[in-house]
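Fair warning: this is a prediction, and the values are worked out from it, not measured in the lab. Proteins come first, then strands; the chains are lettered A, B, ... in the order of their sequence lines, and each starts at number 1.
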There are 2 protein chains.
Amino acid sequence: MELDKITDSSTASRRRYDDACGTAHALDLVGERWALLVIRELMLGPKRFSDIRADLPGISANVLTQRLEGLEASGIVVRRRLPPPASTQVYELTDWGYEAEPIIQELGRWAARSPAHDPSLQLSGTSLMLSFRTMFDAARAQAMNGTAGFRIGNETLVARVADGRLEAGRGDTAQADVVFTGPAPAVAAFVYGGVPLAALEAEAGLAVTGDRGFAARFAGLFNLPAKAVVPAADA
Amino acid sequence: MELDKITDSSTASRRRYDDACGTAHALDLVGERWALLVIRELMLGPKRFSDIRADLPGISANVLTQRLEGLEASGIVVRRRLPPPASTQVYELTDWGYEAEPIIQELGRWAARSPAHDPSLQLSGTSLMLSFRTMFDAARAQAMNGTAGFRIGNETLVARVADGRLEAGRGDTAQADVVFTGPAPAVAAFVYGGVPLAALEAEAGLAVTGDRGFAARFAGLFNLPAKAVVPAADA
DNA sequence: CGGCATCCGGGAAGATACTG
DNA sequence: CAGTATCTTCCCGGATGCCG
């Protein structure tokens, strides 16, 4: 039928918040399901379609396509073709897209206090690095220098501490003082959960090489906020 | 049929991100449509069902019911019955719920740079106060004291500047140095858009009483971030 | 195989009407 | 005023298939 024309020409897209508030507009841009997690996965640099998908367990290909199209149309993501040798396509955040990191950090910081948070689920290498950036306590890192390396799935990542600051992102683990190889949740259990390395090596498939003393001091730089106390739900 | 049992007992709720990342868990909590805007409307204090609904243009009653139920189950919102005289029911954020304000602020700060942002749409009084909190520039307020009052719809709000700090929330406009009466977007056009008061009084239904010099200095305390420069979408 | 387009089933959101 | 009931519409998720 030609009824579709009617909805087209009517006041506006019905699935949008017609609200001048910046928060509402942000939700117009990144409020759809998966959108912010796609941005999260691009936060450390460009990625291919399949790599994004591999790190977002549960997203289907068509939804990822739709999200990337939408984010590109909004000016948050650009699609680039790599130079001839590796002629594949990658997606990358625009400068403005990278500026969304504080949103991701505040969401994570707040949700870490949720009584329902389960830290044992799947975790991507990117998420781990971003959690380090979020939970880093600069005051504890004053007199500390060194680099931790991570081999998680196919990617290699580094977190470098120097001058009381932290740089966490992709990088070569060759120069690292300590290198963790294994699943990201195991690393998180060590850093945030205080689980001993020995236990994780025995049961969680984690391998650690290098300076284990530095590993312990590195873990001491981060801590999760306390759980929120919440009134009992009396249904 | 009894097929529903199968989906019930399967791995988990299908509509959730099974991801240990705090950001993903936050989206499990407040990622559904309207959820964050409901929280925003409660950010200045308890509200009744109908008042929330009135300030969220477009939300339907059943969706608001579902969101409030979900937020209550998550420990973000509590339902309270007011003391006998006014025996109505209100919804209020828990302490942890109030801690979500930085999320709302970062979303707003980021989206204000969006090329597609349209500040002429509907705006609630609550949104206006929260935008003041977000965009306040403490450095410019050093030697300034005073209170601006706002009468927007049914509610009265105040923004008080003192000691280089801003307090914006509900309050009595009786002591204010200047009082704005009219639609919130008109106030926003004055504060953020630099539109002259005379024009807004003539055309936007705004009424201003009191110290107009203070009004001008008050407006100077806030400014929107510059628009992001974004690559042209070459479809 | 990577990057989509297409079709389908289930479920969430939107609009309206109705009830205590 | 504070929701509930119902119906429609649209989005999400999964499977399949095309195309370079």
Side-chain angles (χ1 to χ4, degrees), chain A residues 1 3-8 10-19 27-28 30-38 46-73 77 79-82 84 86-91 154, chain B residues 1 3-8 10-19 27-28 30-38 41 46-72 77 79-82 85-92 154 235:
Chain A
M1 309 196 187
L3 288 179
D4 44 2
K5 276 301 186 62
I6 296 174
T7 56
D8 277 0
S10 68
T11 47
S13 171
R14 207 157 53 279
R15 222 35 178 271
R16 261 167 42 191
Y17 310 101
D18 288 324
D19 192 315
L27 294 174
D28 282 335
V30 299
E32 285 171 308
R33 194 161 158 74
W34 294 109
L36 258 179
L37 297 185
V38 170
K47 258 189 182 174
R48 291 181 306 179
F49 187 94
S50 304
D51 291 332
I52 301 173
R53 197 175 169 203
D55 283 333
L56 291 178
I59 195 173
S60 58
N62 52 7
V63 170
L64 181 53
T65 300
Q66 284 175 244
R67 288 303 159 271
L68 289 169
E69 279 172 0
L71 294 172
E72 187 177 18
V77 158
R79 183 186 322 217
R80 268 198 312 137
R81 186 159 287 285
L82 290 184
S87 174
T88 105
Q89 205 173 199
V90 294
Y91 296 88
N154 295 330
Chain B
M1 309 198 184
L3 288 178
D4 44 2
K5 276 301 185 63
I6 295 175
T7 56
D8 277 359
S10 67
T11 47
S13 171
R14 205 157 56 276
R15 224 32 177 274
R16 262 167 43 191
Y17 310 100
D18 287 325
D19 193 315
L27 294 174
D28 282 335
V30 298
E32 285 172 310
R33 196 161 158 72
W34 293 108
L36 257 179
L37 297 184
V38 171
E41 285 306 318
K47 259 189 182 174
R48 292 179 304 179
F49 186 95
S50 303
D51 291 332
I52 300 172
R53 196 175 170 203
D55 283 333
L56 291 179
I59 196 173
S60 58
N62 51 8
V63 171
L64 181 52
T65 301
Q66 285 176 244
R67 288 301 159 274
L68 288 169
E69 280 172 358
L71 293 172
E72 187 177 17
V77 159
R79 184 186 317 218
R80 267 198 311 136
R81 185 160 288 286
L82 291 184
S87 172
T88 103
Q89 206 173 200
V90 294
Y91 295 88
E92 181 170 21
N154 295 331

Is the phosphate of [N], meaning OP1 or OP2, less than 4.0 Å from a side-chain N or O of [X]?
{"X": "A/Y17", "N": "C/dG14", "result": "no"}
{"X": "B/R33", "N": "C/dG14", "result": "yes"}
{"X": "B/S50", "N": "D/dA2", "result": "yes"}
{"X": "B/W34", "N": "C/dG14", "result": "yes"}

*Which atom names give the shortest non-hydrogen contact between A/L71 and A/A35, and what distance separates them?*
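Smallest heavy-atom distance, with atoms named: CD1-O, 4.2 Å.
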_Restricting to non-hydrogen atoms, name the atom on B/R53 and the atom on B/I59 that form the minimum distance, rounded to 0.1 Å._
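Answer, listing the atom of B/R53 first, then B/I59: NE-O, 3.5 Å.
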*Can a donor-acceptor pair under 3.5 Å be found between the side-chain atoms of B/N62 and the base atoms of D/dG3?*
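Counting by modelled atom types and ignoring angles, no donor-acceptor contact under 3.5 Å is found here.
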*Please work out which of the three classes, parallel, tilted or perpendicular, describes the rings of B/Y17 and A/W34, given edges at 30° and 60°.*
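It falls in the perpendicular class, over 60°.
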Spacing of [X] atom [atom1] relative to [N] atom [atom2], expressed in whole Å:
{"X": "B/R16", "N": "C/dG11", "atom1": "CZ", "atom2": "P", "result": "16 Å"}
{"X": "A/L68", "N": "C/dC4", "atom1": "CG", "atom2": "P", "result": "8 Å"}
{"X": "B/E32", "N": "C/dG11", "atom1": "CD", "atom2": "P", "result": "15 Å"}
{"X": "A/R80", "N": "C/dG3", "atom1": "CZ", "atom2": "C1'", "result": "18 Å"}
{"X": "A/L37", "N": "D/dC12", "atom1": "CG", "atom2": "C1'", "result": "15 Å"}
{"X": "B/I59", "N": "D/dA2", "atom1": "CD1", "atom2": "C1'", "result": "14 Å"}
{"X": "B/L64", "N": "C/dA12", "atom1": "CG", "atom2": "P", "result": "17 Å"}
{"X": "B/E69", "N": "C/dA12", "atom1": "CD", "atom2": "P", "result": "13 Å"}

*Indicate, with a heavy-atom threshold strictly under 4.0 Å, whether A/R67 touches base, sugar-phosphate, or nothing.*
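Sugar-phosphate, no base atom in range.
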*Kindly say whether A/R33 contributes a backbone atom to a donor-acceptor pair with the side chain of A/R67 at under 3.5 angstrom?*
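Answer holds: yes.
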Nearest-neighbour nucleotide for the [X] side chain, [options] considered:
{"X": "A/V63", "options": "D/dG3, C/dC4, D/dG13", "result": "D/dG13"}
{"X": "B/R15", "options": "D/dT4, D/dC12, C/dG14", "result": "D/dC12"}
{"X": "A/R79", "options": "C/dC4, C/dG14, D/dG3", "result": "C/dC4"}

*Which sits closer to the 5' end of DNA chain C, B/R53 or B/Q66, going by the nucleotide each is nearest to?*
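The residue whose closest nucleotide sits nearer the 5' end is B/Q66.
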*Would a 4.5 Å heavy-atom cut-off, applied to side chains only, mark B/Y91 and B/V38 as touching?*
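With C-beta onward as the side chain, the pair stays apart.
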